[in-house]
Amino acid sequence: MFLHLGNGVSVRTKDVIAIHDYALFASEDGAKSLAKRKAEGTLVLATGGADTPKSLVRTTGKAYLSMLSATTLARRSRLAWDKE
């Protein structure tokens with residue numbers, strides 16, 4: 001199954017490690033972590049460019065910034081797992 005993150009970006013549910021609220025990355029340490037991922041090329045923007053990110057989804061290979069809330073994504077991922 002796949003988890004739709006917005007803006008046409010989807011990831012496999014079995015690859016999802018964690019879904020975080022973006023507010024956790026507002027601190028200096030969180031911003032450094034995101035800057036490091038961006039420099040490595042492992043940060044994907046699934047926000048459409050205009051919207052402020054609401055969540056960060058970590059997978060086995062990359063991290064995705066999504067315009068959908070962490071609660072919505074968690075609910076969608078549970079629905080996907082229940083169907084398998």
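Values reported hereafter were calculated over all heavy atoms of this structure, with side chains retained and with hydrogens, waters and symmetry mates removed. Quantities reported herein were computed from a predicted structural model and do not represent experimental measurements.
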Item to check | Qualifying residues under side chain to side chain contact (heavy atoms under 4.5 Å, CB included), relative to Ser27, sequence neighbours excluded | outcome: Asp29

Checklist entry - Closest approach of Ser55 and Ala70, non-hydrogen atoms and distance? => result CB-N, 3.7 Å

Item to check | Hydrophobic cluster identity match, Val44 and Leu5, side-chain contacts under 4.5 Å | outcome: yes

Item to check | Qualifying residues under side-chain hydrogen bond (donor to acceptor under 3.5 Å, both in side chains), relative to Thr72, sequence neighbours excluded | outcome: Ser69

Checklist entry - Leu45, Leu34: one ILVMFWY side-chain cluster at the under-4.5 Å cut-off? => result yes

Checklist outcome for this item: Sorted by chain and number, sequence neighbours left out, side chain to side chain contact (heavy atoms under 4.5 Å, CB included) with Leu68 holds for Ser66, Leu73, Arg76

Item to check | Results of salt bridge (charged side-chain N to carboxylate O under 4.0 Å, His left out) for Lys62 - residues two or more places apart only | outcome: none

Checklist entry - Does any non-hydrogen side-chain atom of Thr52 lie less than 4.5 Å from one of Lys54? => result no

Checklist entry - Residues two or more places apart in sequence or in another chain: which of them pass salt bridge (charged side-chain N to carboxylate O under 4.0 Å, His left out) with Glu28? => result Lys32

Checklist entry - Applying ring pair (Phe, Tyr, Trp, His ring centres under 6.0 Å), which residue pairs with at least one partner in residues 23-42 are found, sequence neighbours left out? => result His20-Phe25

Next on the checklist: Would you compute the distance between atom CD1 of Ile19 and atom CZ of Arg75 and round it to the nearest 0.5 angstrom?
Outcome noted: 11.5 Å

Item to check | Working for side chain to side chain contact (heavy atoms under 4.5 Å, CB included), residues Tyr64 and Val16 | outcome: CA-CA 10 Å; Tyr64 298 82; Val16 174; over 6 Å; no

Checklist entry - Has the side chain of Thr59 got a donor or acceptor atom that lies under 3.5 Å from a matching backbone atom of Asp15? => result no

Checklist entry - Taking all non-hydrogen atoms of both residues, which atom of Phe2 and which atom of Thr13 are closest, and how far apart? => result C-CG2, 3.9 Å

Next on the checklist: Please check: side-chain N/O of Asn7 versus main-chain N/O of Val9, any donor-acceptor pairing under 3.5 Å?
Outcome noted: no

Item to check | Pairwise side-chain contact, Leu43 with Leu56, heavy-atom cut-off 4.5 Å (strictly under) | outcome: yes

